[in-house]
Amino acid sequence: GRSTRVLSGTQGKTERTVDIEVGDGLEATLQALSGAKVQRLSKYLVHDLGGEKYTVDGIGAMIRRYCKKAAVKSFGLMDVRAKGATDMYLRGVPLETIQALMGHKSVQTTEIYIKRFMATISIAQPNTGKIAG
């Protein structure tokens with residue numbers, strides 16, 4: 001009886017279609033944005049004011065500048081990806097889903113990201129037993 005909204009997109013690295021279910025939190029965000037005046041559209045998540053995508057090196061340089069200005073330890077895009085994968089894993093998202101979102105050919109690569117990040121943080125045990133130290 002319940003319909004499900006889905007956002008579809010093409011994963012840049014593998015060019016696979018990825019469908020993301022619009023849950024309550026995302027739905028609330030989309031509703032809040034629906035009344036916002038959109039000044040410019042871009043198909044890239046991270047882009048300049050003209051809508052052109054930033055290069056990986058450009059994003060890295062930007063992150064380093066802001067970390068230096070904020071006097072915090074610098075991090076890279078791999079750290080952001082690992083954090084996102086770990087957050088999804090800890091919330092019970094299946095590894096295969098995380099693998100697809102990250103564009104990994106193998107679920108073992110996804111597990112490596114998650115294991116590496118979990119080793120650097122102090123957290124409660126994950127809610128599934130799929131990843132062993």
Side-chain angles (χ1 to χ4, degrees):
R2 181 176 177 239
S3 64
T4 302
R5 282 184 65 190
V6 175
L7 294 175
S8 291
T10 303
Q11 204 280 339
K13 187 175 179 181
T14 63
E15 297 187 10
R16 288 190 292 182
T17 299
V18 177
D19 294 331
I20 302 171
E21 182 178 342
V22 179
D24 294 338
L26 184 53
E27 181 67 42
T29 301
L30 292 171
Q31 288 296 323
L33 291 173
S34 66
K37 182 180 177 187
V38 177
Q39 295 180 356
R40 184 175 286 121
L41 293 176
S42 174
K43 66 179 183 176
Y44 304 110
L45 178 63
V46 181
H47 56 86
D48 63 20
L49 293 175
E52 294 299 315
K53 71 178 179 177
Y54 275 108
T55 64
V56 172
D57 290 340
I59 294 170
M62 188 183 333
I63 290 171
R64 286 189 297 278
R65 277 194 312 272
Y66 285 116
C67 286
K68 184 176 181 179
K69 186 175 182 178
V72 297
K73 183 181 174 186
S74 186
F75 58 91
L77 291 176
M78 297 287 267
D79 300 312
V80 175
R81 288 173 50 86
K83 168 81 166 96
T86 304
D87 286 352
M88 287 186 282
Y89 173 74
L90 291 173
R91 286 175 178 76
V93 175
L95 283 171
E96 294 76 13
T97 301
I98 301 168
Q99 172 194 357
L101 289 170
M102 294 188 72
H104 293 154
K105 291 180 180 177
S106 164
V107 73
Q108 287 79 18
T109 303
T110 306
E111 288 179 321
I112 290 168
Y113 266 78
I114 295 168
K115 285 179 189 178
R116 189 178 300 144
F117 192 80
M118 287 177 63
T120 67
I121 58 176
S122 175
I123 56 171
Q125 290 298 310
N127 59 3
T128 69
K130 291 185 179 180
I131 296 180

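Taken together through direct or relayed side-chain contacts under 4.5 Å among Ile, Leu, Val, Met, Phe, Trp and Tyr, Tyr89 and Val107 form part of one hydrophobic cluster. No continuous path of hydrophobic side-chain contacts links Leu101 to Ile112 [ILVMFWY only; heavy atoms under 4.5 Å].
When the salt bridge (Lys or Arg N to Asp or Glu O under 4.0 Å) test is applied to Asp87, the partners found at least two apart in sequence or on another chain are Lys83. Legend: residues meeting side-chain hydrogen bond (donor to acceptor under 3.5 Å, both in side chains) with Thr55, ordered by chain and number and at least two apart, are absent.
Atom CD of Gln99 sits about 11.5 Å away from atom CE of Met88, to the nearest 0.5 Å. Taking NE2 of His104 as the reference point, atom CZ of Arg81 lies at 4.5 Å (rounded to 0.5 Å). The distance from atom CD1 of Ile114 to atom CE of Met102, rounded to the nearest 0.5 Å, is 7.5 Å. Separation of atoms OG1 (Thr86) and CZ (Arg91) is listed at 10.5 Å; rounding is to 0.5 Å.
Open room surrounds CE on Met78; 12 or fewer heavy atoms of other groups in view lie less than 6.0 Å from it.
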